[in-house]
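Down below is the structure, laid out as structure tokens.
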Amino acid sequence: MRESAAEGAFGVGGNDVADRGRSRDGRAASEGSGGAVPGRRGKSGSRAKPRARSVRLDAFARALAPAAALARTQLRRLRPDFPRPGRTGWRRWMPSWRQWLGACLYAFLAMATVVVIGYATTDIPDDLNSFATQQDNVYYWADGSTMARTGWVSRQEMPLDKVPDKVRGAVLAAENASFYSDPGVSPSGVLRAVGAALTGGETQGGSTITQQYVKNAYLNQDRTVSRKFTELMLALKMDNQKSKDQILQDYLNTSWFGRGTYGIQRASQAYYGKDVSQLNPSEGAFLASLLKGAALYDPALGEANHERAVERWNWILDRMVETGRLSRAERATYTTFPEPSASSLVGIPGAQTGYLVEMAKAYAIKAGHIEESDFDLGGYQIYTTFDRARMTALTAAVQEAQKGFDAERRPDTDKHAKIGAASVAPDGRLLAVYGGPDYLKQGFNESNATTIPVGTAFTPIVYAAALDEGVLRARGKARTPVSPSSTYDGNDQVTVQTPEGPYWDRSGKVVKGRNDGGRNWGQVTLRQAVAQSVNTPMLQLGLDVGLDRVEDFAQRSGLLESSLGPRIPAFTLGENSTPSAIRMAGAYQTFAADGMHTDPYSVRSVTRNGDAVPLDVPKPTRAVTAKTARAVTDALRDAVTEGSAKTVGKAHAGTAGKTGTTAANTAGWFVASTEQESTAVVVYRMSLTDLVPLPLAGLGGDGPGTPGSERAVRLWGDYIKAVK
């Protein structure tokens, strides 16, 4: 019976269909012979097709019937039936092995469905946690040591290839030896963590490096099943989308190592004071121990921590041997625990370093064409030009000079006393500056201020312009060359002349030159006028050269156009120009460098995460001829040996410098060059509320006739003795 049924379904049924076809054909023929029937189609094929499809579906259903019956039977067997019939006592309530198997199968299918759906609907977030992208900027002294760091997060990214292979091996041995072969998750670790989360137990370890990175960079630290599930999905997806090296690099750059640091680069600097590229395997093993919990393994936090750190350090080194990351022979050489430093990183800049950081930041942004918003995201390493020893010496010299300022005993004269100073190398590098007493208390940088008249320290520029350009005393005549031996009237109250006659000011008065102390010098050479700081010859010389040409020479020597005053006779004596100490040091360096000028700069290189940032480096340009520069330098040497600055003539052999005073006695300058540097010092009085210069008279108990430049000269002498 079954066989004939099967034949009817799969074989003989074909004849049945053929018979039905013939029957339909016969009927069609009958209809054709009998003529058309109203309401019916002329052909029967349009109805034959649907009926044929129905027959085939019936045949297919009959073919599947045995399989469906078998499936229903099996499902009935797996269906729970409690209490179990035919059983007595406790056995009635004990599921059969089939029921256990069915329950496990259902649970597995449900879990697999959840995982598949979770994986498909989980996307790696575009935004990392703020600390994972935020970095600090690190500033370095000229010798490469750390000066300061800025930013909300102490973190610096470092490419994986800059991390020594055995330091990476220490991390892998400590945290995830199977990292390069696992799928990004650890099933056993996940089960332990889920169990701990459900029971409220202690946090469990065992997560892979990929899971740890996902938790640190994208999630929070909540111990919940949902957070753990999200971590698992993200880790699986990340392992499929990123290379293992990239994941390891990201992990090393975002992990917490204690002492306020994120990332192995900042940890290396915090614990050992050097870049991660300089770590040995022993030091790397200690840093790897901190990943388990810096609060438990930082030796600086207590004796118990020290014991734990040594124990885990030993374990990690042994583990490195087991995992093939370290040979037994090399392991045997690491028997002494690599004690980290007790102190942490250099912190937020303050006192003098604050001024240096502010200047270096401004220069790096400008020279590197960096958006300030990008710079504030961090990750930059700024290698400055500042010399640590010179900074210390200059600060000490200023503080020594300030001891004479007693604001309590002389509040009317000394409470507004200020000092600005800067030292520039022959190639334009800023070596040292004194910006003020403390950057955190006074952000106003006195070395970079453009509020104080430069006074007669400006006259060497006038002298240089005259030697290079010559003078014009009569309209329509050719310019006449001058030399250091050319003579001018050095008497007091000499009328200033133009080619048309005396110079009249706007009030209708004839302008006359005045010398310090009203002294008459008679006829003096231009070299003597510079060396002895005689005002009247230099005042007349400026008009003879042409104030427009003097201004041009001032800019070529490095002074900013914005700091130069109106072109009136007082311009020649620096009465209305306010260049900073930095710019004045750079201008004098032009003479010391045979007329080649390089703009002062505070940053020699910048990198971001190990990659160089191109900088617009200042290039030397010809400001004055070499002959003129040497003539100016000779006159400035005379000023130190026998002229206005002879009190420091023995401080450093070959020094070329010039004092500077103002008519209102509001500032005292001294700018001088040695073979190594040019240094400008200015002592002045000013209220920072209105930035109005005040007279120096009586400063520190000085008499009314004491020139303001004398304190600047002594300060320079103390500084140069400390660094020569």
Side-chain angles (χ1 to χ4, degrees), residues 422-429 431 454-470 481-486 524-534 537-538 541-542 545 550 553-559 574 579 581-600 620-660 669-681 709 712-713 716-717 719-720 724:
S423 186
V424 177
D427 59 359
R429 287 175 295 118
L431 300 177
V454 67
T456 53
F458 184 78
T459 56
I461 294 174
V462 180
Y463 182 42
L467 295 177
D468 251 17
E469 295 285 321
V482 295
S483 68
S485 59
S486 298
V524 295
T525 65
L526 292 180
R527 177 170 176 164
Q528 286 176 308
V530 173
Q532 299 294 339
S533 198
V534 186
M538 304 311 296
L541 183 64
V545 174
V550 172
F553 266 72
Q555 292 184 45
R556 283 155 57 180
S557 299
L559 303 191
I582 293 173
R583 287 290 170 173
M584 283 305 295
Y588 273 52
Q589 187 55 54
T590 301
F591 305 130
D594 281 345
M596 298 298 294
H597 173 73
T598 305
D599 271 344
T621 57
R622 173 64 62 185
V624 299
T625 64
K627 180 181 177 181
T628 294
R630 290 166 189 163
V632 174
T633 300
D634 287 341
L636 296 177
R637 286 200 180 103
D638 288 349
V640 174
T641 56
E642 55 189 46
S644 60
K646 62 183 178 182
T647 54
V648 290
K650 296 181 180 179
H652 187 93
T655 296
K658 174 78 174 66
T659 56
W669 287 80
F670 184 60
V671 190
S673 300
T674 66
E675 299 87 347
Q676 290 80 28
E677 61 204 283
S678 291
T679 304
V681 179
S709 59
V713 170
W716 180 90
Y719 164 69
I720 213 67
K724 70 175 184 178

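Only this structure's heavy atoms are used, side chains among them; waters, hydrogens and symmetry mates stay out.
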- Just do the side chain to side chain donor-acceptor pair (under 3.5 Å) check on Ser709 and Thr659 with the steps written out, would you? CA-CA 6 Å; Ser709 59; Thr659 56; 4.5 Å; no

- Message: side chain to side chain donor-acceptor pair (under 3.5 Å) for His597 and Gln589? Distances and angles first, verdict last.
- Response: CA-CA 7 Å; His597 173 73; Gln589 187 55 54; over 6 Å; no

- Task: Go through Phe553 and Glu469 one step at a time and tell me if the side-chain contact (heavy atoms from CB on, under 4.5 Å) criterion holds.
- Result: CA-CA 10 Å; Phe553 266 72; Glu469 295 285 321; 3.5 Å; yes

- Query: Hey, mind stepping through Thr655 and Val648 against side-chain contact (heavy atoms from CB on, under 4.5 Å) and telling me if it holds?
  - Reply: CA-CA 9 Å; Thr655 296; Val648 290; over 6 Å; no

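There is no side-chain donor-acceptor pair under 3.5 Å between Ser644 and Ser533. Defined by atom type and a distance below 3.5 Å, a donor-acceptor pair is missing between the side-chain atoms of Lys646 and Thr641. Side chains of Tyr588 and Glu677: no donor on one and acceptor on the other come within 3.5 Å.
Note that CZ of Arg527 is 11.0 Å distant from OG of Ser483, once rounded to the nearest 0.5 Å. To the nearest 0.5 Å, atom OG1 of residue Thr633 and atom CG of residue Asp638 are 11.0 Å apart.
The side-chain contact (heavy atoms from CB on, under 4.5 Å) test applied to Pro620 returns Met596, Thr598, not counting sequence neighbours.
Considering only heavy atoms from C-beta on, Met538 comes within 4.5 Å of Val530 through its side chain. Between Val681 and Thr679 the shortest side-chain heavy-atom distance falls below 4.5 Å. For the pair Val424 and Arg429, the minimum side-chain heavy-atom distance is 4.5 Å or more. Val671 places none of its side-chain heavy atoms less than 4.5 Å from the side chain of Trp716. Between Lys658 and Phe670 the shortest side-chain heavy-atom distance does not fall below 4.5 Å. The shortest distance between side-chain heavy atoms of His652 and Gln676 falls below 4.5 Å. In this structure the side chain of Asp594 never reaches within 4.5 angstrom of the side chain of Lys627, judged on heavy atoms.
Considering all non-hydrogen atoms of both residues, Pro484 and Ala631 come closest at CG-CB, 4.1 Å. Contact detail for Thr590 and Ala629: the closest heavy-atom pair is O-CB, 4.5 Å. Nearest heavy atom pair, residue Ser678 against residue Ser673, reads OG-OG, 2.5 Å. A pairwise comparison of heavy atoms in Ala581 and Ala680 identifies O-CB, 3.3 Å as the closest pair. Between Glu675 and Ala653 the shortest heavy-atom distance is OE2-O, 3.9 Å.
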Which donor-acceptor pairs under 3.5 Å do side chains of residues 454-467 form with protein atoms, sequence neighbours excluded?
{"from": "Thr456", "atom 1": "OG1", "to": "Thr661", "atom 2": "N", "distance (Å)": "3.0"}
{"from": "Thr459", "atom 1": "OG1", "to": "Thr456", "atom 2": "O", "distance (Å)": "2.8"}

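We find that Asp599 and Arg583 are joined by a salt bridge, their nearest charged nitrogen and carboxylate oxygen being less than 4.0 Å apart.
Under the 3.5 Å distance criterion, the side-chain polar atoms of Arg622 are matched with a main-chain donor or acceptor of Val624. In terms of modelled atom types and a separation under 3.5 Å, the side chain of Arg637 and the main chain of Gly654 share a donor-acceptor contact.
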